[in-house]
Amino acid sequence: MAKILIQGGKPLNGSIIVSGAKNAALPIMAATLLSTEPVVLRNVPDLNDVNTMAKVLQALGVNYKKLDHGVYSFNASGAISEEAPYELVKTMRASFFVMGPLLARLKKARVPLPGGCAIGVRPVNIHLKGFEALGARVSIDGGCAVAVADRLVGNKIMLDFPSVGATENLMMAAALAEGQSVIENAAQEPEIIDLANFLNALGAKISGAGSPIIKIDGVEKLKGGEYSIIPDRIEAGTFMVLGAISGGRISVEKCEPEHQHALMNKLKEMGAEIEIDGDKVVVSAVNGLNGVEVKTLPFPGFPTDMQAQLMVAMCVANGSSFITETIFENRFMHVSELARMGANVTTHDRTAVIHGVKSLKGAPVSATDLRAGAAMVLAGLIAEGKTEISQVYHIDRGYEDLTGRLRKLGANIERIEDPETDE
Ligand code: EPZ
């Protein structure tokens with residue numbers, strides 16, 4: 001229905017404020033199921049995915065209310081259903097985060113298996129294996145993951161891969177289990193720490209979040225409370241890349257530089273100037289950029305969610321760059337879209353080789369997934385001429401009022417409703 005139109009090539013300058021982290025807000029919203037007292041969340045980003053999660057919680061029996069911009073109250077003191085609605089879960093795989101809390105609270109859960117998405121099959125086997133380790137009997141029935149337990153008993157859970165979602169789901173399940181659970185090979189992303197801090201604010205006993213070993217001492221129940229979500233490091237990183245390619249100087253504000261070392265180091269390696277001042281990071285690249293080699297890795301390595309955005313910078317850097325995508329099996333959908341703009345990129349399996357070109361040329365392109373869509377916006381902003389981006393609903397999932405905020409930097413960008421397209 002909507003499209004984004006960009007007249008690119010203008011240097012951009014100014015400051016942009018980072019929203020709350022989508023990938024912290026989603027599991028933390030799911031975790032409100034664990035408490036029977038009121039919870040207030042602040043700095044919640046106004047995104048389609050957040051609205052979908054709120055609808056899933058409401059369908060399960062949680063009362064939620066928007067108190068102000070970015071402020072929501074949740075009350076799960078009433079009857080809670082153990083079954084999440086397929087119609088909603090199929091639109092957002094992060095809905096699967098309700099599985100752990102439902103199992104912890106009701107000792108039963110029936111959640112539709114999230115389908116794959118453009119970037120990969122995205123199984124949930126590590127989640128399910130962890131639930132079994134806590135004493136649940138897990139089966140697949142009618143396209144749903146079903147888990148039932150007489151009791152949830154703390155246990156040692158070794159993750160085959162440091163899955164972000166599995167670490168979060170299992171932390172939530174273990175929070176109310178009997179005794180201690182230890183998650184080994186846990187994901188270390190900042191969003192894991194944020195979830196642990198939120199749960200501890202409600203009375204959980206979790207230590208080691210942010211390290212590969214997380215200890216959870218189960219408690220009887222969680223109380224209510226208030227919590228403010230961390231800044232979105234991927235949104236902040238997207239704007240930092242823009243600062244490096246925009247021809248101007250962009251101040252990314254209300255971000256957490258501690259979450260950005262891998263990206264900032266790569267941008268510096270490419271020749272960008274980066275000044276850090278508290279929760280402000282100012283990025284420019286007055287002498288242009290040089291090619292670089294990147295491998296995506298679990299945190300604190302280079303984030304896969306920044307791969308598409310950095311590729312845009314590589315497309316106009318001097319020399320060649322190489323990206324190895326180790327997290328997802330199909331996360332180069334943006335390559336063919338960038339090629340339509342004159343980028344010189346070839347891929348083989350999980351590696352992309354990028355030869356810098358003088359400039360990109362505007363063209364009609366598609367957003368193939370959330371971060372690829374963000375990359376296409378970056379490409380359109382620096383390309384000569386007009387770029388038209390379709391399927392922008394992908395972008396709406398993870399970026400709040402992107403066109404409005406970019407206009408404030410001087411971008412010639414607008415969003416149009418196009419009744420012709422039937423997405
Ligand atoms: C989270 O997805 C993020 N989403 C993703 O961000 C992010 O790309 C990803 O972590 C990696 O950092 C949210 O937090 C809502 P994983 P998640 O489990 O939890 C495999 C964005 O753009 N795996 O760490 O689904 C999986 O297939 C999104 O905001 C299993 O094999 O990621 C993948 O190859 C995109 N079995 C790898 O692990 C499992 O049971 C990493 O997945 C679980 C995962």
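Heavy-atom basis, side chains included; hydrogens, waters and symmetry copies ignored.
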Legend entry - Side-chain donor or acceptor of N63 paired with backbone N/O of Q58 under 3.5 Å: no
Legend entry - Neighbour count >12 (heavy atoms, 6.0 Å) for atom NZ, K66: yes
Inset, instruction - Please examine the side chains of E235 and R405, heavy atoms only from C-beta on, and report whether any two atoms are closer than 4.5 Å. - result: yes
Legend entry - Evaluation steps, side-chain contact (heavy atoms from CB on, under 4.5 Å), between V377 and I389: CA-CA 8 Å; V377 171; I389 304 172; 3.7 Å; yes
Inset, instruction - Would you please test H334 and Q309 for side-chain hydrogen bond (donor to acceptor under 3.5 Å, both in side chains) and show each step? - result: CA-CA 10 Å; H334 42 286; Q309 299 91 311; over 6 Å; no
Inset, instruction - With the side chain counted from C-beta on, respond yes when E273 and N287 share a heavy-atom pair under 4.5 Å apart, and no when they do not. - result: yes
Legend entry - Inter-residue atom distance S181.OG - I157.CD1, 0.5 Å rounding: 5.0 Å
Legend entry - Minimum side-chain heavy-atom gap F322-V294 below 4.5 Å: no
Legend entry - Candidate pair D232 and K22, rule salt bridge (Lys or Arg N to Asp or Glu O under 4.0 Å), full reasoning: CA-CA 7 Å; D232 192 312; K22 166 178 86 80; over 6 Å; no
Inset, instruction - Please work out whether the ring planes of Y64 and F74 are parallel, tilted or perpendicular, with thresholds of 30° and 60°. - result: parallel
Inset, instruction - Please round to the nearest 0.5 Å and tell me the distance separating atom CD1 of I126 and atom OG1 of T167. - result: 8.5 Å
Legend entry - Side-chain ion pair, K129 and D160, N-O less than 4.0 Å: yes
Legend entry - Exercise: identify the closest heavy-atom pair between P303 and R233: CB-NH1, 4.0 Å
Legend entry - Min side-chain heavy-atom separation L199-I216 under 4.5 Å: no
Inset, instruction - Answer yes or no: is there an ion pair linking K156 with E184, defined by an N-O contact shorter than 4.0 Å? - result: yes
Inset, instruction - State whether a side-chain donor-acceptor pair under 3.5 Å links E191 with H259. - result: no
Legend entry - Pair D369, H394: side-chain N/O donor-acceptor within cut-off below 3.5 Å: no
Inset, instruction - Please name the pair of heavy atoms, one in A21 and one in P231, separated by the smallest distance, quoted to 0.1 Å. - result: CB-O, 3.5 Å
Legend entry - SB check R331 D305 (cutoff 4.0 Å): yes
Legend entry - Approximate separation, where rounding is to 0.5 Å, of M99 CE and L33 CG: 13.0 Å
Legend entry - Side-chain donor or acceptor of E329 paired with backbone N/O of V121 under 3.5 Å: yes
Legend entry - Distance-only side-chain donor-acceptor flag, Q307 / T296, under 3.5 Å: no
Legend entry - Donor-acceptor under 3.5 Å (T91 side chain, L88 main chain): yes
Inset, instruction - State plainly whether the residues E388 and K3 are in salt-bridge range, i.e. N to O under 4.0 Å. - result: yes
Legend entry - Which atom of L47 lies closest to which atom of R397, heavy atoms considered: CB-O, 3.5 Å
Inset, instruction - List the steps and the verdict of side-chain contact (heavy atoms from CB on, under 4.5 Å) for L409 and L242. - result: CA-CA 11 Å; L409 297 176; L242 182 58; 4.1 Å; yes
Inset, instruction - Could you walk me through whether I214 and V182 pass side-chain contact (heavy atoms from CB on, under 4.5 Å), step by step? - result: CA-CA 6 Å; I214 301 178; V182 181; over 6 Å; no
Inset, instruction - Determine whether the side chains of S77 and T36 contain a donor N or O and an acceptor N or O closer than 3.5 Å. - result: no
Legend entry - Pair D401 + K408, salt bridge at N-O below 4.0 Å: no
Legend entry - Donor-acceptor contact below 3.5 Å, side chain S246 vs main chain G248: yes
Inset, instruction - Could you please spell out the steps behind the side-chain contact (heavy atoms from CB on, under 4.5 Å) verdict for I250 and V283? - result: CA-CA 5 Å; I250 291 179; V283 183; 5.6 Å; no
Inset, instruction - State whether the side chain of T351 and the backbone N or O of T324 hold a donor-acceptor pair below 3.5 Å, judged by distance alone. - result: no
Legend entry - Side-chain donor or acceptor of E337 paired with backbone N/O of S366 under 3.5 Å: yes
Inset, instruction - Nearest 0.5 Å please: distance from the CZ atom of F302 over to the OG1 atom of T326. - result: 11.5 Å
Inset, instruction - Would you mind reporting whether K65 and Y72 have side-chain heavy atoms less than 4.5 Å apart? - result: no
Inset, instruction - Could you list all the salt bridge (charged side-chain N to carboxylate O under 4.0 Å, His left out) pairs where at least one residue sits in residues 193-222, not counting sequence neighbours? - result: E37-K221
Legend entry - Spacing of S359 atom OG and E384 atom CD [to the nearest 0.5 Å]: 3.5 Å
Legend entry - Donor-acceptor side-chain pairing of T238 and Y399 below 3.5 angstrom: yes
Inset, instruction - Report yes or no: does N155 contribute a side-chain atom to a donor-acceptor pair with the main-chain N or O of L134 at less than 3.5 Å? - result: no
Legend entry - Considering all heavy atoms, the nearest A177-G154 contact: CB-N, 4.0 Å
Inset, instruction - Would you indicate whether the side-chain heavy atoms of I193 and L195 approach each other to under 4.5 Å? - result: no
Inset, instruction - Using the test side chain to side chain donor-acceptor pair (under 3.5 Å), find all partners of R42 that sit at least two apart in sequence or belong to another chain. - result: E226
Inset, instruction - In plain terms, say whether D279 and K254 are close enough for a salt bridge, that is, a side-chain N and a carboxylate O under 4.0 Å apart. - result: no
Legend entry - Non-hydrogen atoms of L202 and S35 that approach each other most closely: CD2-CB, 4.0 Å
Inset, instruction - Using a 4.5 Å cut-off on heavy atoms from C-beta on, say whether the side chain of L297 contacts that of K295. - result: yes
Inset, instruction - Check for a donor-acceptor pair, side chain of K386 on one end and backbone N or O of I6 on the other, with a separation under 3.5 Å. - result: no
Legend entry - Note, L310 side chain near L267 side chain (heavy atom, < 4.5 Å): yes
Legend entry - Donor on one side chain, acceptor on other, T304 and E325, under 3.5 Å: yes
Legend entry - Gap separating the CG atom of L57 from the CG atom of N75, nearest 0.5 angstrom: 12.0 Å
Inset, instruction - Look at the side chain of Q7 and the backbone N and O of N412, then say whether any donor-acceptor pair between them is shorter than 3.5 Å. - result: no
